[in-house]
Amino acid sequence: MESELSILKNEIQSLSNQNKSKIFQKFFKTGIGQYAEGDIFIGITVPVLRNVANKYKNIDFQDLEILLNSKIHEERLISLLMLITKFNSNPENEKKCFGFYLSNLKNINNWDLVDLSAPKIIGTFLVNKPRNERELLYQLANSESMWERRISIVSTLSFIKNNNFKDTIGISKILLGDKEDLIHKAVGWMLREVGKRDYNLELEFIKENYKQIPRTTLRYAIEKFQVNTRQKVLKGIF
């Protein structure tokens, strides 16, 4: 009898789209020397994968790990979608899902995988935890892995939604000197989210760190500012 994992993998393959695959390979920078070099896309969109994931939501952790170790991007993505479902289905699952996620960080290795999953698993698990447990995010912020650094800042989106901005500000400061554009964008995005809820706090952070903030981060951070204010901030006028 064919296993549930084999049935799932066959269904994923049946949904592959060669034209979209080529588009995704280019969009997600899979070429030589690019950030996702060698990643394999078979051309399935996230909404389609969500529908498939819902059919197999009871799949076990062993099969999830096999999928998350796949060279095929969509198989890693659907593994994370099903992990999020497990995380949300029962409070008793949260710690196991959190631990599983941390044990497989090396396979959460593209920005869409990070952004889809980090706030919903890492951020949600840590949001009400004591300071010593949230220290994990600062360890990730100092990681040599760009994806782990992105996980550290994007995870704080859950904190921001709970009007807790301290860790976003702290991790943003650590990452201001980062060399990677994908980190610059992520930091700017989180600062923008802070600003939606506490404009003065965001503006004060920008003012204090203006000379260190990468231009990309700054542009992302002030995207929702009024035009005149945005132009002044870009010039360093406060």
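The analysis underlying the following values was restricted to heavy atoms, covering all of them including side chains, and did not include hydrogens, waters or symmetry mates.
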Reported [atom1]-to-[atom2] distance for the pair [X] and [Y], which is rounded to 0.5 angstrom:
X	Y	atom1	atom2	answer
Lys173	Ile213	NZ	CD1	10.0 Å
Asp60	Met82	CG	CE	10.0 Å
Thr217	Lys185	OG1	NZ	10.5 Å
Ile174	Ile183	CD1	CD1	12.0 Å
Asp63	Lys9	CG	NZ	9.5 Å

Closest contact, heavy atoms only, [X] versus [Y]:
X	Y	value
Leu182	Met146	CD1-CE, 3.9 Å
Lys95	Phe125	CA-CE1, 3.6 Å
Trp147	Ile108	CB-O, 3.5 Å
Lys86	Cys97	CB-SG, 3.8 Å
Glu202	Leu191	CD-O, 3.3 Å
Phe205	Leu176	CZ-CD1, 4.1 Å

For the side chain of [X] and the backbone of [Y], is there at least one donor-acceptor N/O pair under 3.5 Å apart?
X	Y	answer
Asp198	Val194	no
His184	Arg215	no
Thr168	Ile153	no
Ser16	Gln13	yes
Thr85	Leu81	yes

I want to check something: taking the side chain as every heavy atom from C-beta on, are [X] and [Y] in contact at a cut-off of under 4.5 Å?
X	Y	answer
Asn17	Ile44	no
Arg150	Glu180	no
Thr216	Asp181	yes
Asn110	Leu77	no
Gln139	Glu148	no
Leu102	Leu136	yes
Phe100	Ile121	no
Thr30	Ile40	no

For the [atom1] atom on [X], are there more than 12 heavy atoms of other groups (residues, nucleotides or ligands in this structure) within a distance under 6.0 Å?
X	atom1	result
Lys96	NZ	no
Gln212	CD	yes
Gln18	CD	no
Lys106	NZ	yes

Using a strict 4.0 Å threshold on nitrogen-to-oxygen distance, state whether [X] and [Y] make a salt bridge.
X	Y	value
Arg131	Asp167	yes
Asp39	Lys29	no
Lys196	Glu193	yes
Glu11	Lys55	yes

(Q) Between Ser155 and Leu140, is the side-chain contact (heavy atoms from CB on, under 4.5 Å) condition met? List the steps. (A) CA-CA 11 Å; Ser155 291; Leu140 293 174; 6.0 Å; no
Q: For Ile42 and Ile12, run side-chain contact (heavy atoms from CB on, under 4.5 Å): C-alpha distance rounded to whole Å, both residues' side-chain angles, the deciding distance at 0.1 Å, then the answer.
A: CA-CA 9 Å; Ile42 58 175; Ile12 292 171; 3.7 Å; yes
Q) Taking it one step at a time, do Arg76 and Asn109 satisfy side-chain contact (heavy atoms from CB on, under 4.5 Å)? A) CA-CA 9 Å; Arg76 302 201 305 283; Asn109 54 359; 2.9 Å; yes
Q. When you look at Thr124 and Asn88, which way does the side-chain contact (heavy atoms from CB on, under 4.5 Å) test go after all the steps?
A. CA-CA 10 Å; Thr124 300; Asn88 292 330; 5.6 Å; no
Q | Phe238 and Tyr210 aromatic ring geometry - parallel, tilted or perpendicular at 30°/60° bounds | A | perpendicular
Q: Kindly assign one of parallel, tilted or perpendicular to the pair Phe41 and Phe24, based on the angle between their ring planes and the thresholds 30° and 60°.
A: perpendicular
Q. Is the Phe87 to Tyr101 ring centre distance short of 6.0 Å?
A. no
